[in-house]
J.: 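Structure in structure tokens, see below.
Order of appearance sets the numbers: ligands from 1, and atoms from 1 within every ligand. Sequence positions, counted from 1, serve as the residue numbers for this chain. Since we're looking at a predicted model, the values are computed, not measured.
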Amino acid sequence: METDHKKKQSISKSKQYLVILLGILLFGGCLWFFSTYYEGEKPVLKLSETVDTIGREKIIDITATDKKRGLRKILVTISQNEKEHTLYSKDYPTRGIKEKTFRIEVNPKSMKLHDGEARINISAVDYSLRKNNTTLNIRVIIDTIPPHIYLLSSAHNINPGGSCIAIYNVSEEVVRSGVNVGDDFFPGYPIKLADKSCYIAYLALPLDAKRGSVSIGVVARDKAGNESLKILPRYIRNKKFRTDIINLTDSFLEQKMPEFQQMDNNLRAATPLETFQYINAQTRQDNFMTIQSICEKSVQKQLWQGHFLRMKKAATTAQFGDRRDYCYKGKTVSKSIHMGIDLASTRHSPVEASNSGVVVFTGYLGIYGDTIIIDHGFGLFSLYAHLGMIKVKEGQTVTKGELIGHTDTSGLAGGDHLHFSILVGGKFVNPQEWWDPHWIKDNVESKLAAVASSR
Ligand SMILES: [Zn+2]
């Protein structure tokens, strides 16, 4: 009897366990079912950029993500005055799309949207039984009118390899404006003339520019991306540049090339002549890229006053724009264009800041040797190369005529001299103009005064 009772007890206990186990399984199953099919994680919507204005055309990339059940539906619309246009609509008939990036194009004119406020609605629904939905409602301003450019300066007479300033104003707030000279862009900087705001751009003309061969125009772009262009009336003068033949001697190559070979592993096995050919082409180009990146940022203020100073008691030994043919044993082995002026005096002559500004570079710069670059504001820079001793530091403010270093033979210099360059917007220009008080008066000071008095 007792054994029977015990048996019965053990069976009922087993039943109890089974029920508990089934309960746990059922609970776990429900949990799994709900967390999988009935999950509550909403899709995520990301835009490639913040959109608050739309111009004549706007392209926006959107990424929709749903990590759990995946995307079911995406819909993008734009609405204005209760009229709605579909920009994108996609239904995914089967589950499994976790992420989708798509592009929408808004063209207000073809959609008959007018300038003013509109709303972009982006929604994504997922495959959860809950149909989780994420919606972004973005207020945008449609602005299809490009900025109007008012040209304030006149008489843009430019020499090939020379500089010029343009003064203009725009009808609305712009995110980018300046002057295009062919493919080169020279930024405009905000200034005040007679207490009124306008823009000034310093521009440079390439050496090979001929009358009519290069287009020059003021460009402006507003927040909505609308761009406008105004051709700059200009007169391009004729200018001829010299050709200079430089004979390379073995003593120059043997004396100068090891310094460069030491610094570049590619040149270890090269002959002195091969080394020269490499540095006169490749290193020259690399150094120019470095100079351009240094000159990319400039103080938004005119730090210079009056004409630039030319090194005292110095003879000009090479001009700006000289086309140089390098000859070795009667053969032309390399070419370059001289983008500065060489000034020679006695050894280790003092070098002065040609005008006031801020030192933005000091140090070794390949063919230029030990170099100083000074920012004079609005994209105007001066460069001093082949120095021996540098007396200033980066970030230091210098005044016109202040001692900044001494001449020497560092870099690709045959003898002790100063290589002096001026740059406008990262392009080398003829320093002769900036040394000339008459040129400064006619091309900068009078222009600024004429605009100021007409306002
Ligand atoms: Zn030079």
Side-chain angles (χ1 to χ4, degrees), residues 161-163 204 206-207 239 241-249 252-253 255-257 259-260 275-292 294-295 308-327 333-354 361-374 381-390 404-424 426-435:
S163 312
L207 271 93
K239 181 153 176 72
F241 295 98
R242 304 188 314 175
T243 300
D244 197 9
I245 294 167
I246 294 173
N247 285 308
L248 295 171
T249 61
F252 168 76
L253 293 174
Q255 194 196 324
K256 276 279 161 186
M257 294 309 112
E259 193 185 301
F260 289 99
T275 303
F276 177 82
Q277 289 169 314
Y278 178 85
I279 60 167
N280 199 39
Q282 191 57 48
T283 310
R284 182 181 291 278
Q285 181 58 25
D286 294 347
N287 297 156
F288 180 55
M289 301 301 277
T290 306
I291 292 168
Q292 278 201 313
I294 293 165
C295 298
F308 282 62
L309 302 177
R310 181 187 179 280
M311 192 170 90
K312 282 180 195 141
K313 295 177 207 154
T316 301
T317 53
Q319 292 282 12
F320 175 84
D322 283 355
R323 279 149 215 282
R324 287 176 159 179
D325 285 357
Y326 297 86
C327 283
V333 291
S334 188
K335 285 181 180 222
S336 74
I337 297 176
H338 192 240
M339 302 305 274
I341 296 183
D342 287 349
L343 300 160
S345 182
T346 48
R347 276 184 68 202
H348 306 323
S349 284
V351 175
E352 299 168 337
S354 58
F361 179 85
T362 61
Y364 182 82
L365 196 62
I367 62 163
Y368 297 92
D370 287 320
T371 303
I372 299 172
I373 302 177
I374 299 175
F381 293 82
S382 57
L383 176 146
Y384 314 76
H386 310 310
L387 301 177
M389 218 184 293
I390 290 177
I404 55 169
H406 290 273
T407 62
D408 211 318
T409 58
S410 62
L412 197 58
D416 186 304
H417 75 281
L418 169 72
H419 171 99
F420 179 74
S421 286
I422 294 263
L423 293 114
V424 165
K427 302 274 179 270
F428 288 116
V429 292
N430 196 344
Q432 295 273 10
E433 294 180 340
W434 295 93
W435 282 339

J.: Please determine whether His417 has a backbone or side-chain N, O or S atom lying under 2.8 Å from the Zn ion (ligand 1).
T.: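 Not a single backbone or side-chain N, O or S atom of His417 is under 2.8 Å from the Zn ion (ligand 1).
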J.: At less than 2.8 Å, would any N/O/S atom of His419, backbone or side chain, sit next to the Zn ion (ligand 1)?
T.: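 An N, O or S atom of His419 is closer than 2.8 Å to the Zn ion (ligand 1), so yes.
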J.: Of the non-hydrogen atoms in Met311 and Ser345, which two are nearest, and what is the gap between them?
T.: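 The answer is CE-CB, 3.8 Å.
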J.: Quick one: report the N, O or S atom of Asp342 that is nearest to the Zn ion (ligand 1).
T.: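 Result: OD1.
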J.: Taking side chain as C-beta onward, heavy atoms only, is Trp434 less than 4.5 Å from Val429?
T.: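 Of all side-chain heavy-atom pairs linking Val429 with Trp434, at least one is under 4.5 Å.
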J.: Considering non-hydrogen atoms only, spot the tightest contact between Thr316 and Ile341 and give its length.
T.: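 Shortest heavy-atom contact: CG2-CG2, 3.8 Å.
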J.: Please say whether more than 12 non-hydrogen atoms of neighbouring residues, nucleotides or ligands are located less than 6.0 Å from CD in Gln255.
T.: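 No - once you tally the heavy atoms of other residues, nucleotides and ligands closer than 6.0 Å, there are 12 at most.
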